[in-house]
Amino acid sequence: MNDSQLTSLVKDMTLHEKVGQLVQLATPFFKGASDKGQITGPMQEMGLSHEDIENTGSVLGASGAKETIAIQRKHLEDNRLGIPLLFMSDIVHGFRTIFPVPLAIGCSWDLDLAEKSAALAAKEAAVSGGHVTFAPMVDLSREPRWGRGMESTGEDTYLNSGFARSFVRGFQGDLQQDAYKVASCVKHFAAYGAPEGGRDYNTVDMSEWMLRESYLPAYKAALDEGCEMVMTAFNILNGIPSTGNKWLMRNLLRDEWNFDGVLISDWGAVKELLPHGVAQDEKEAALKTLRAGVDIEMMTSYYFKYTSELVEEGLLEESTIDEAVLRILRLKNKLGLFENPYREADETDEKTFILAPEHRNVARELAAKSVVLLKNEQALPLNNNNNIALVGPFANNTDILGPWSWGGSAEDTITLDTGMKHRLNTDHLLIAEGSGIETGTEQQLQEALQTASRADVIVAALGEHSDMSGEAGSRADIRLPEIQLELLKQLKSLGKPVIAVLFNGRPLDVREVIEHADAVLEAWYPGTEGGNAVADILFGDVNPSGKLSMSFPHSVGQVPVYYNQFNTGRPKDAPDAQIRFVSQYLDIPNEALFPFGYGLSYSTYHYSEMSLSTDHITPDEKLTVKVNVTNTSETSGEETVQLYIRDLVGDVVRPLKELKDFKKVTLKPGETTTVEFTIEESQLRYYHADLDYKSDAGEFEVFVGPNSRDIQSRKFKLGNV
Ligand code: NOJ
C-alpha cells in the first residue's frame with residue numbers, strides 16, 4: 001500500500017476500530033492460539049468483548065509458525081477491514097538459540113558479532129512468525145543491585161550506543177529489503193536503569209543534563225539506526241511516570257528527535273499511573289498516556305474503555321488517535337503484512353533454521369568472547385591430563401540461559417559438565433554438586449569434599465539462579481549466597497588449585513571468591529552453548545578476551561561505582577589532599593574492585609609509550625594517537641585497546657575519563673602491532689550548563705590502555721589556547 005491508501009484506510013475505520021489498533025493483548029486472547037487458557041475470565045476482568053479482540057491491533061508473545069499463522073488467519077476472517085495483526089515478543093538475546101545475556105555481550109566489546117547474533121535471533125523469530133522484537137534494551141546502568149542490568153550492555157554511554165546500533169542493524173536491517181528481519185523496539189524510555197537503591201520500578205530522579213549526557217545517547221543511537229519502535233519505562237522520571245510524560249514523549253522523542261515510529265507502553269504501565277498517583281481514575285490514566293503520545297497500550301484495556309468517551313467529551317482530538325493509528329499501519333505496511341500477513345512464518349524453515357549449526361557456532365563464539373577472566377594465579381588453562389573435580393550447583397545446570405530466554409529450552413542447553421566431557425577423558429572428570437544455589441546439606445558438602453580430594457585441580461561452578469536477576473530481581477546483598485561461599489572456602493582448604501566459574505546476571509561483590517580461588521572466570525549467563533564456550537576457555541582452546549562493561553564494586557556500600565565519575569572538590573589522590581577531609585570511605589577504597597574495561601587473558605601484552613601526532617589541534621584538525629602493543633607471551637590472543645579522554649576544565653564538571661574509542665587486535669606470540677586512534681573536535685563535545693552540546697577550547701588529557709584503570713596519559717589542546 002502507499003501512504004495515501006493507508007490514510008484512506010484510517011478514514012474508513014470507525015473510532016472503535018481505530019482504538020483497537022492501539023491495543024496489544026497476550027496470545028491466549030486470540031482465536032487460533034495454541035494455549036487459550038482461561039481467557040474468558042481475564043476478558044471479563046478487563047471488560048473486553050469479542051468485538052474488541054477482533055479489532056485489536058497486535059499480539060504479545062505468540063510464537064511458532066503454526067500458531068502465528070492460525071491466529072492471523074482467524075483474525076483476518078473476523079476483522080471487518082482485513083487489517084493484519086502485528087506479532088511482537090521479547091527476543092532479547094536469542095529466540096531458541098540463546099546467545100549470552102546482553103551484559104555478557106557487552107563484555108565481548110565485539111560489535112560485529114553482536115550484530116550477527118541479533119541477525120540470527122531475528123531469523124529464528126521471523127520464520128516463527130514474529131514481526132517485532134522488544135529489543136534492544138539499552139538502559140545504561142551503574143546499579144548492580146538492579147536485576148535488569150543483565151539485559152543492558154553496561155555502564156558506558158559510548159559502548160552502549162555502539163551495541164544499540166549493532167543490535168538494531170542485526171534485528172531489523174532493512175525491513176523492506178532484507179529477508180528474515182524483525183522490527184526493533186528500543187526500551188525502556190527513559191533512564192529505567194537508574195532506579196533509586198537499585199530497586200526495580202523505583203524512582204528515577206536526575207538532572208536533564210545528566211540524562212542527556214549519559215542516559216539518552218544509546219536510545220538515540222538506536223533510533224538513528226532506524227529502530228522502528230520505542231517502549232516506555234515503568235519508572236517516574238523527575239516526578240512524572242515515563243508512560244505519561246509529555247515532555248519526554250512529545251517534546252523530546254517526537255519533536256526534538258523527530259521519531260515518527262510507534263511508541264508502546266510497557267506491560268500494564270498505563271494502569272500504573274494510578275498507583276503512581278498521577279491519575280485519579282482509569283479514564284485520566286488513558287487521557288494522560290494518549291496525550292503523551294503513547295500509541296499502543298500493552299496488556300490493559302483503558303484505551304478500549306475510555307477513548308471514545310474522551311473524544312466525545314472533547315478532551316482528546318480524534319486526530320491524535322488517527323496519527324497513532326497511521327503510525328501503526330505504516331509499520332504493518334513496512335513489514336509487508338497487507339500483501340503477505342504471514343510474512344516469513346514457515347514450519348519448514350523453522351526446522352531448517354532454528355538451532356542450526358551456524359547459530360550454535362555463533363552462540364559459542366560469542367559466549368567465549370563474553371567470559372571475563374578476573375583472576376589467574378597460573379591456575380588456567382587446565383591441563384586435560386589432570387584429574388579435575390567439577391563441583392558446585394552449576395556443574396550440571398541448564399539454568400544458564402538467563403532470565404529473558406523464554407524461547408530457549410533446557411534440552412538444547414550445553415551444561416558445563418557436558419562441555420568439559422567433550423574435551424576430557426571422562427575418567428578424569430569427577431563431578432559433585434556440593435550445594436544448591438541457596439541451600440545445601442552437610443552430606444552434599446562432604447561428598448563434594450571427598451570427590452575434590454581425589455582430584456589435582458578443582459573447578460567450582462557457582463552463581464545465581466536466573467530468578468535472582470532480571471525483572472523484579474533486585475538484590476541488596478550482591479554476594480554469592482552464603483552456602484556457596486562456604487563450599488568454596490572448604491574446597492580451598494583442600495590445598496589444591498581452585499578455579500571459580502561464575503554464572504550470574506549482575507556484577508557481584510566477589511571479594512570472598514577472589515580470596516578463596518586461584519582463578520576466577522565470570523561466565524555470566526552464557527546461553528545455549530554455554531558449557532562448550534566455558535570449556536573452550538578453561539582448556540585454553542579459546543584465550544579469554546572479555547573486558548568488563550560494568551564495574552565490579554569492592555562492596556555494595558560503594559554502589560553506584562563507575563569509571564567515568566567526577567573528581568569532586570576534594571579528590572582523595574590530589575597532591576595536596578588531607579588525610580581526612582577528602583572524598584573517601586573510611587573503611588573501603590573508593591575504586592571498584594574490578595573496573596570498567598578490565599579483563600585478563602592467557603597472554604600478556606606490553607603497551608609502548610603512546611605518541612601524539614601533535615599536541616594542539618584546531619576544530620578542523622585531527623590528532624592521531626599511536627601505541628605499539630606487543631604480545632609478550634607464548635599464546636596468541638585478542639586485546640581490546642581502549643582510548644579515554646578527559647576535558648580538564650569545562651563549563652560544567654567533566655568525568656575523570658570517558659571512553660571515546662577502542663580497537664581489537666589479534667596478536668601472535670611476540671607480535672607487535674601499532675594501534676592508531678584519531679581524535680577530532682566532535683568527540684570533545686558535551687552538554688554545557690545551558691544544555692548546549694559543544695566543545696570548548698582548552699586542555700585535554702588522552703589515555704590509552706587495556707582497561708579504564710591501567711592507563712597512560714598525554715595532554716593536548718583544542719583551539720587557540
Ligand atoms: C515487561 C518488561 O519490562 C519489558 O521489557 C518487556 O518487553 C515487556 N514486559 C513485554 O514482555
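Indexing begins at 1, ligand by ligand and atom by atom, following the structure's order. Throughout, numbering of the chain's residues begins at 1 and tracks the sequence.
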Check: [X] side chain, [Y] main-chain N or O, donor-acceptor pair, under 3.5 Å:
{"X": "Glu124", "Y": "Leu355", "result": "yes"}
{"X": "Ser152", "Y": "Asp139", "result": "yes"}
{"X": "Ser58", "Y": "Gln21", "result": "no"}
{"X": "Ser405", "Y": "His93", "result": "no"}

By number and element, which atoms of ligand 1 are closer than 4.0 Å to a non-hydrogen atom of [X]?
{"X": "Lys187", "result": "4 (C), 5 (O), 6 (C), 7 (O)"}
{"X": "Asp266", "result": "1 (C), 2 (C), 3 (O), 4 (C), 6 (C), 8 (C), 9 (N)"}
{"X": "Trp404", "result": "6 (C), 11 (O)"}

Nearest-0.5 Å distance, CZ of residue Phe134 to CD1 of residue Ile264: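 Here the interatomic distance stands at 4.0 Å.
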Heavy-atom gap [X] to ligand 1 smaller than 4.0 Å:
{"X": "Phe234", "answer": "yes"}
{"X": "Met299", "answer": "no"}
{"X": "Met137", "answer": "no"}

Proximity to ligand 1 by part of Met88, non-hydrogen separation under 4.0 Å: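 Under 4.0 Å from ligand 1, Met88 contributes no heavy atoms.
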Pi-cation contact, Phe259 with Arg254 (under 6.0 Å, within 45°):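 No, cation not above the ring by the 6.0 Å, 45° rule.
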Any Met468 side-chain heavy atom under 4.5 Å of Pro481 side chain: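 When only atoms from C-beta onward are counted, Pro481 and Met468 do touch, with a gap below 4.5 Å.
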Nearest non-hydrogen protein atom, atom 5 (O) of ligand 1: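 Scanning the protein heavy atoms, the shortest distance from atom 5 (O) of ligand 1 goes to His188 NE2, 2.6 Å.
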Distance from atom 6 (C) of ligand 1 to nearest protein heavy atom, with residue and atom: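 For atom 6 (C) of ligand 1, the nearest protein heavy atom is Asp90 OD2, 3.1 Å.
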